[in-house]
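Residue numbering restarts at 1 for every chain, and letters A, B, ... go by the order of the sequence lines. Keep in mind that what you see is a predicted model, and the values were worked out from it rather than measured.
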Amino acid sequence: KEESVAFSQYPRPADIPQWNSDKPKLKEIRIMGYSMRTIDYRYTVWVRFNPENFSADFEDVHAGELYIMETDPNQDNNVYNNTLHSHLLKKIV
Amino acid sequence: GDGMNVLFIVVDDLRPVLGCYGDKLVKSPNIDQLASQSIVFSNAYAQQAVCAPSRVSFLTGRRPDTTRLYDFYSYWRVHAGNYSTVPQYFKENGYMTMSVGKVFHPGVSSNYSDDYPYSWSIPPFHPSTEKYENDKTCRGKDGRLYANLVCPVDVTEMPGGTLPDIQSTEEAMRLLNVMKTKKQKFFLAVGYHKPHIPLRYPQEFLKLYPLENITLAPDPWVPEKLPPVAYNPWMDIRQRDDVKALNVSFPYGPLPDEFQRLIRQSYYAAVSYLDMQVGLLLNALDDVGLSNSTIVVFTADHGWSLGEHGEWAKYSNFDVATRVPLMFYVPGMTTSSAGQGGRVFPYLDPFSHILGVVPQGRSNKMVELVSLFSTLAELAGLQVPPACPGTSLHVALCTEGASIVRYFKSSEQKAQKKKEDGCDDTNRCY
């Protein structure tokens with residue numbers, strides 16, 4: 001079945017919030033958060049990013065987020081590390 | 001929409017707190033009226049929740065990884081590739097293209113020229129009072145002026161006696177009057193500044209939102225399992241005078257509850273002020289007799305967190321930061337009023353108009369702003385730019401977003417069914 005998907009992304013200079021986390025300059029970007037969302041969920045992986053060659057390394061995952069919209073429409077309960085949802089994660093990846 | 005004009009309205013930092021998106025508190029009668037004649041996309045998302053990358057993305061039809069713009073400090077034509085833009089494409093297809101207010105993000109990212117002359121037929125217009133936006137113009141309780149976040153103002157006391165969005169509306173109305181008598185088709189982009197911070201708006205709009213009606217966000221805490229990398233510390237908010245005075249701890253805050261209510265109140269008031277500007281602009285489209293020959297697109301560059309997850313800005317991947325309003329009014333397609341000559345968008349006063357209206361058509365499909373290029377081209381009857389190949393740095397004309405016109409049809413059918421069910425009487429349905 002055709003499922004419509006929307007993507008977004010956001011750059012970060014570091015793993016923890018710091019003064020330039022909101023608006024890092026290109027040369028400061030170390031991590032990129034890529035999001036994929038459907039009606040049912042939002043899945044985000046924060047991966048290593050190289051600003052020299054604009055490459056993202058999806059083997060180097062710094063953190064992940066998974067929100068199930070039906071039970072958590074406000075996206076407050078990150079179930080990325082919840083084994084109950086490992087089947088969905090595998091399917092997405 | 002073949003051969004029609006295009007009025008492209010883009011708002012800065014507007015999440016869908018609009019009556020037509022189900023918000024029960026906001027007063028947005030004019031945007032709701034536009035929605036009632038449009039196809040409304042309930043699930044539309046920006047590609048990056050910050051101004052310059054988002055705008056360059058949807059104006060070029062390419063994602064940030066292709067524009068290579070993630071900050072504010074490069075111009076895609078020299079830094080990534082000489083990509084065409086939506087207005088450039090319309091210009092090259094015989095349209096007069098015009099920019100009013102903030103369409104491109106100003107500065108390096110649009111070559112200090114809003115990408116003129118590539119994108120625009122005439123130099124883009126910027127309101128003369130734009131330069132005062134971050135000045136100390138907000139009157140504090142001690143009578144002195146501050147650069148506050150929460151900033152209801154007496155417009156007559158402002159520099160020039162006006163505000164930037166008021167000037168933009170006036171200029172757009174002037175241009176519509178000029179185009180009325182010309183035979184040339186036009187693409188007029190109008191970029192409104194509010195509700196971007198500072199929340200500076202005519203103080204009378206506060207009356208629409210008594211503080212006792214203002215609630216906190218449903219989840220004003222930082223979620224326990226949120227990875228720290230996903231959190232944004234809302235630095236721009238912290239730098240305003242009124243927030244600075246609160247000595248909020250870094251990075252997680254929180255802001256005091258009462259101040260959270262003030263921010264939310266002012267965001268809503270700024271949305272109603274914006275609604276008034278949109279209403280005046282659409283009313284002018286009626287006045288010059290172009291409502292039946294002009295496609296109207298209404299959207300925003302990204303959303304804004306109103307305290308959800310302990311955040312107060314964009315700068316994240318949360319839906320509140322990335323989700324945007326998106327609607328298309330296409331005469332004869334989303335409404336049957338084309339050619340009838342009646343008024344389509346009479347101005348509605350947000351202070352006296354209370355009835356809500358439901359959109360004619362609504363699509364729940366997940367859509368992206370990167371699709372605007374191909375969608376607008378298809379609606380206007382121009383050739384849809386081809387899909388970009390895997391690497392498109394050297395391809396001047398292509399797009400990474402598929403046209404979403406294919407979703408219009410099913411929405412039209414739903415609207416027709418609604419009509420058959422007796423639900424075309426919007427007041428009854430509401």
Main-chain N/O of A:Leu26 paired with B:Asp71 side-chain donor or acceptor, under 3.5 Å
yes

Does NZ or CZ of B:Lys225 fall inside the cone over A:Tyr80's six-membered ring, less than 6.0 Å from its centre and within 45° of the axis?
no

Distance col, row B:Asn43:CG vs A:Ile39:CD1, nearest 0.5 angstrom, shows 4.0 Å

Residues two or more places apart in sequence or in another chain: which of them pass ring pair (Phe, Tyr, Trp, His ring centres under 6.0 Å) with B:Phe58?
none

Using a cut-off of under 4.5 Å on heavy-atom pairs, state which of B:Ala321, B:Pro53, B:Ser316, B:Ala44 scores highest against chain A.
B:Ser316

Would you say A:Asp22's side chain and B:Trp234's backbone share a donor-acceptor pair under 3.5 angstrom?
yes

Give, as side chain, backbone, both or neither, the part of A:Glu28 having an atom under 4.5 angstrom from any heavy atom of chain B.
neither

On a heavy-atom basis, which atom in B:Met366 and which in A:Thr38 lie closest, and how many Å separate them?
CE-O, 3.1 Å

Heavy-atom closest pair (A:Gln75 atom, B:His309 atom, distance to 0.1 Å) is O-NE2, 3.3 Å

Which one, A:Asp76, A:Asn78, A:Ile31, leads in non-hydrogen pairs under 4.5 Å with chain B?
A:Asp76

Heavy-atom pair of closest approach, residues A:Trp19 and B:Met235:
O-CG, 3.3 Å

Which atoms of A:Pro51 are under 4.5 Å from chain B, going by heavy atoms: the side chain, the backbone, both sets, or neither?
neither

Which pair of heavy atoms, one from A:Ala14 and one from B:Val229, lies closest together, and at what distance?
O-CG2, 3.6 Å

When only pairs under 4.5 Å are counted, which of A:Ala6, A:Pro13, A:Pro11, A:Pro24 shares the most heavy-atom pairs with chain B?
A:Ala6

Minimal non-hydrogen separation, A:Trp46 against B:Ala230, with atom names
CZ2-CA, 3.5 Å

Count the heavy-atom pairs under 4.5 Å between each of B:Thr322, B:Leu226, B:Val370, B:Asp319 and chain A, then report the option with the highest count.
B:Asp319

Over all atoms of both residues, closest heavy-atom pair of A:Tyr10 and B:Ala49
CE1-O, 3.7 Å

Do we get A:Arg42 above B:Phe318's six-membered ring, with its NZ or CZ under 6.0 Å from the centre and within 45° of the axis?
yes

Determine the option with the most heavy-atom pairs under 4.5 angstrom with chain A, choosing from B:Ser371, B:Pro223, B:Gly401.
B:Pro223

Chain A contact via B:Glu308 - side chain, backbone, both or neither, heavy atoms under 4.5 Å:
neither

Bottom line for A:Asn81: the part with an atom under 4.5 Å from chain B's heavy atoms is neither

For residues 56-66 of chain A, give me every residue with a non-hydrogen atom less than 4.5 Å from any non-hydrogen atom of chain B.
A:Ala63, A:Gly64, A:Glu65

Greater than 12 external heavy atoms within 6.0 Å of A:Ile16's CD1:
no

Are A:Ser4 and B:Tyr407 close enough, and set up right, to give a side chain to side chain contact (heavy atoms under 4.5 Å, CB included), and what steps lead you there?
CA-CA 11 Å; A:Ser4 55; B:Tyr407 297 143; 3.8 Å; yes

Atom CG of A:Asn77 and atom CG of B:Asp219: how far apart are they, to the nearest 0.5 Å?
11.5 Å

What part of B:Pro64 is in contact with chain A, defined as an atom under 4.5 angstrom from a non-hydrogen atom: side chain, backbone, both or neither?
both

Looking at B:Tyr73, B:Tyr315, B:Tyr45, which makes the most heavy-atom pairs under 4.5 Å with chain A?
B:Tyr315

I want to check something: taking the side chain as every heavy atom from C-beta on, are B:Tyr231 and A:Ser21 in contact at a cut-off of under 4.5 Å?
no

Count the heavy-atom pairs under 4.5 Å between each of B:Glu368, B:Arg238, B:Glu224 and chain A, then report the option with the highest count.
B:Glu368

The test is side chain to side chain contact (heavy atoms under 4.5 Å, CB included); show your working for A:Arg12 and B:Asn232 and say whether it passes.
CA-CA 9 Å; A:Arg12 293 279 185 240; B:Asn232 85 82; 3.8 Å; yes

For chain B, which candidate among A:Met32, A:Arg37, A:Lys25, A:Lys23 shows the most heavy-atom pairs at distances under 4.5 Å?
A:Arg37

Distance-only, no hydrogens or angles: does the B:Asn317 side chain make a donor-acceptor pair with backbone N or O of A:Gly33 under 3.5 Å?
yes

Within 45° cone of A:Phe7 ring axis and under 6.0 Å: B:Arg63 NZ or CZ
no

